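Notes for the one structure printed next.
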Number of protein chains: 2
Amino acid sequence: MEMVLEKQVKALSERTLRRLPRYIEILKRLKSEKIEFASSNMIADELGLDSIQVRKDLAATGVIGKPKLGFAIDELIFGIKHTLNWDNQTDAFLVGAGSLGSAILGYKTFSDHGLNIIAAFENEPSKVGEIINHITVLPIEKLSDMAYRMKVHIGVITVPADEAQKVADMMIEGGIKAIWNFAPVHLKVPDFVIVENAQLSHSLGVLTHKLAESLK
Amino acid sequence: MEMVLEKQVKALSERTLRRLPRYIEILKRLKSEKIEFASSNMIADELGLDSIQVRKDLAATGVIGKPKLGFAIDELIFGIKHTLNWDNQTDAFLVGAGSLGSAILGYKTFSDHGLNIIAAFENEPSKVGEIINHITVLPIEKLSDMAYRMKVHIGVITVPADEAQKVADMMIEGGIKAIWNFAPVHLKVPDFVIVENAQLSHSLGVLTHKLAESLK
DNA sequence: TTTTTATCGATATAAATATATCGATAAAAT
DNA sequence: ATTTTATCGATATATTTATATCGATAAAAA
């Protein structure tokens, strides 16, 4: 088979991707102060980063700055959102309507972040039928079939550790392509499925370690 | 069981720190299967990592492996927990008893991760006095003073964005040394204060971007 | 006991990421 | 209109992180 070379879109590193939402935060604040242009230096200062790094990150969004002025804020916010695909909403299912799951269902702001949770699923019969933030909790048995029929591409897992792999398998069976995993387990999935882990313990470990070091 | 841990030779990178909890997860599972030794290869395979990287990460904990056998699982779990300071519990205050705050208060497992949340605080008078998972919700006004008197070193922020900086300031006034920040804002704090950000949007951005790329 | 083997851990190399340098540019000042 | 200035963005360098190589070692097999 012959390789077709497309114009190489500058690949974004994961670290850059994680900084982009922070830039949006700063830019929105500057915008609310009626500022129209932001330089890489302003942004870097606000976040305690290096301005060269900010410029490099922003270069990956394709937005072009102006000498002496910096970046047009509106355009830059738009460009970052586009890069993150936050200017579209992708339908998602959430499984596990416990306290964390409910908290996530309660967030209205995910729609600004490209995520549209349209249904929740549960094992526990007593929770089925509940409505959380206008989202109905359905029985887990329906997950695969509904995901397939509704062409849902994102799954959010907020079940306990010992149920997570099973839930992931059901999601994949239903054609889900990306999993946002809050359960403290490593999910085994086929190569074509994207898993983004959001375990609180990972971040907590960094905190407790650094604190202990600093108190030495 | 006696365990002598070598003094830590090298500073741990943040990326290593974030992998350590994942090793614990695998090791506990292997242990539950009555396995006593784990090689770097076994661990790496389970997590889809490189065995050399696992060995390097584990070297940073000071635990020594045995040729042909690998690492003694009990000793290794202990060593990793020690490195993360998860063998001690540090008292913490949480501010913001909304849905995410309540979810965090509900986690019983944080005590296995070095965190002991002993009180929660709120702005909203209607929430003050509530008891969530045996933890009382107190008025925010008491935060600084109580933190100082009780020598609390960790603060967890789960308030909305526009209140977070104010809460951080109060925490620092009360002598808190490390902040686990879930609010979507960059906190400005003195150098001696550690901030670990746990914003969901950062992780979500990686997911939505990768999914969009994969569907191209 | 001797040999074979799997795995460690030290050192070396490669890749990714961050930081520095500097000419080009357009806005603002002169 | 000309000069000065701040900032960009391309390229170069440094640093950090990940991966490869290989001798040393202790367990298991012969």
Side-chain angles (χ1 to χ4, degrees), chain A residues 7-20 22-23 26-27 30 35-73 75-76 79-80 83 202 205-206 209-210, chain B residues 4-20 22-23 26-27 30 35-76 79-80 83 202 205-206 209-210:
Chain A
K7 196 194 171 203
Q8 177 71 46
V9 179
K10 207 178 287 175
L12 287 112
S13 74
E14 195 148 325
R15 311 198 82 179
T16 293
L17 284 172
R18 289 185 170 277
R19 282 188 293 266
L20 293 181
R22 306 179 68 191
Y23 300 151
I26 300 302
L27 293 166
L30 293 172
I35 298 171
E36 288 183 10
F37 284 83
S39 70
S40 58
N41 239 301
M42 286 165 76
I43 300 169
D45 280 356
E46 291 290 333
L47 293 171
L49 299 174
D50 188 293
S51 68
I52 303 161
Q53 183 172 63
V54 172
R55 279 208 297 285
K56 247 191 159 185
D57 286 343
L58 297 185
T61 70
V63 177
I64 304 290
K66 275 192 180 175
K68 186 102 181 188
L69 288 183
F71 298 84
I73 288 181
E75 189 190 346
L76 188 49
I80 296 174
T83 301
H202 299 181
V206 178
H209 170 83
K210 285 187 181 170
Chain B
V4 181
L5 291 171
E6 297 294 312
K7 186 155 189 186
Q8 208 173 279
V9 193
K10 230 181 158 183
L12 286 109
S13 75
E14 195 148 323
R15 310 198 81 178
T16 293
L17 284 172
R18 288 184 171 276
R19 282 188 293 266
L20 292 182
R22 306 179 67 191
Y23 299 152
I26 300 302
L27 292 166
L30 292 173
I35 297 171
E36 290 183 9
F37 284 83
S39 69
S40 59
N41 238 301
M42 285 166 76
I43 299 169
D45 280 356
E46 291 290 333
L47 293 171
L49 300 174
D50 187 294
S51 67
I52 303 161
Q53 182 173 64
V54 172
R55 280 209 296 284
K56 246 190 159 183
D57 286 341
L58 298 185
T61 69
V63 177
I64 304 289
K66 275 192 181 175
K68 186 103 181 188
L69 288 182
F71 297 86
I73 288 181
D74 278 333
E75 188 189 349
L76 187 50
I80 296 173
T83 300
H202 298 180
V206 178
H209 169 84
K210 285 187 181 171

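None of these values were measured; they are calculated from a predicted model. In what follows, chains are A, B, ... by sequence order, proteins preceding strands, each numbered from 1.
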Please identify which of these residues, B/Arg22, B/Arg15, B/Arg19, meets the salt bridge (Lys or Arg N to Asp or Glu O under 4.0 Å) condition with B/Asp57.
B/Arg19

Separation of D/dT7 atom P from A/Asp45 atom CG, nearest Å, is 10 Å

Compare all side-chain heavy atoms of A/Ile43 with those of A/Leu76 and state whether any distance is below 4.5 angstrom.
yes

B/His209 NE2 to A/Glu14 CD distance, which is reported to the nearest 0.5 Å
9.5 Å

Determine whether A/Ile80 and A/Leu27 satisfy the following criterion, side chain to side chain contact (heavy atoms under 4.5 Å, CB included), listing intermediate values before the conclusion.
CA-CA 10 Å; A/Ile80 296 174; A/Leu27 293 166; 3.8 Å; yes

Can you name the closest pair of heavy atoms from A/Thr61 and A/Gly79 and give their distance?
CB-O, 4.1 Å

Please work out if B/Ser51 contacts a base, only the sugar-phosphate, or nothing of the nucleic acid, heavy-atom cut-off 4.0 Å.
nothing

Protein-nucleotide distance (B/Phe71, atom CZ; C/dT7, atom C1'), rounded to Å:
9 Å

Considering non-hydrogen atoms only, spot the tightest contact between A/Phe71 and A/Val63 and give its length.
CE2-O, 3.8 Å

What is the distance, rounded to the nearest whole Å, between atom CG of A/Asp50 and atom C1' of C/dT21?
13 Å

Whole-Å distance separating the CZ atom of B/Arg55 from the C1' atom of D/dA20
10 Å

Looking only at heavy atoms, the pair that brings B/Tyr23 and B/Leu58 closest together is CD1-CD2, 3.7 Å

Starting at atom CD of A/Glu36, determine the distance to atom P of C/dA27, rounded to an integer number of angstrom.
14 Å

Just by protein heavy atoms under 4.0 Å, how would nucleotides 23-30 of chain D read 5' to 3' in B, S and -?
--BSS---

How many whole angstroms separate atom CG of B/Leu58 from atom P of C/dA10?
13 Å

Which atom pair, heavy atoms only, marks the closest approach of B/Ser51 to B/Ser40?
O-CB, 3.6 Å

So which nucleotide does C/dT19 pair with, by the Watson-Crick or G-U wobble rule with both distances under 3.5 Å?
D/dA12

Set out, line by line, the N/O atom pairs under 3.5 Å between protein and nucleotides 12-15 of chain C.
none

B/Leu17 side, atom CG; A/His202 side, atom NE2 - distance, nearest 0.5 Å
12.0 Å

At 4.0 Å (heavy atoms only), tell me whether B/Thr16 reaches a base, stays on the sugar-phosphate, or touches nothing.
nothing

Using a cut-off of strictly less than 4.0 Å, decide whether B/Ser39 has a side-chain nitrogen or oxygen near OP1 or OP2 of C/dA6.
no

With sequence neighbours excluded, give me every salt bridge (Lys or Arg N to Asp or Glu O under 4.0 Å) pair touching residues 36-55 of chain B.
A/Lys188-B/Glu46, B/Arg29-B/Glu46

Along DNA chain C (nearest heavy atom to each residue), the more 5'-positioned of A/Ile52 and B/Gly65:
B/Gly65

Any strand: nucleotide that pairs with C/dA24 via Watson-Crick or wobble, under 3.5 Å
D/dT7

Describe the nucleic acid contact of B/Arg15 in one word from base, sugar-phosphate, nothing, applying a heavy-atom distance below 4.0 Å.
sugar-phosphate

Measure CG/B/Asp57 against C1'/D/dT19 and give the value in whole Å, please.
13 Å

Closest approach to the side chain of B/Arg19, judged atom by atom: which nucleotide of C/dT17, D/dA18, C/dA20 is it?
D/dA18

CD of A/Glu14 versus P of C/dA18: gap in Å, rounded?
12 Å

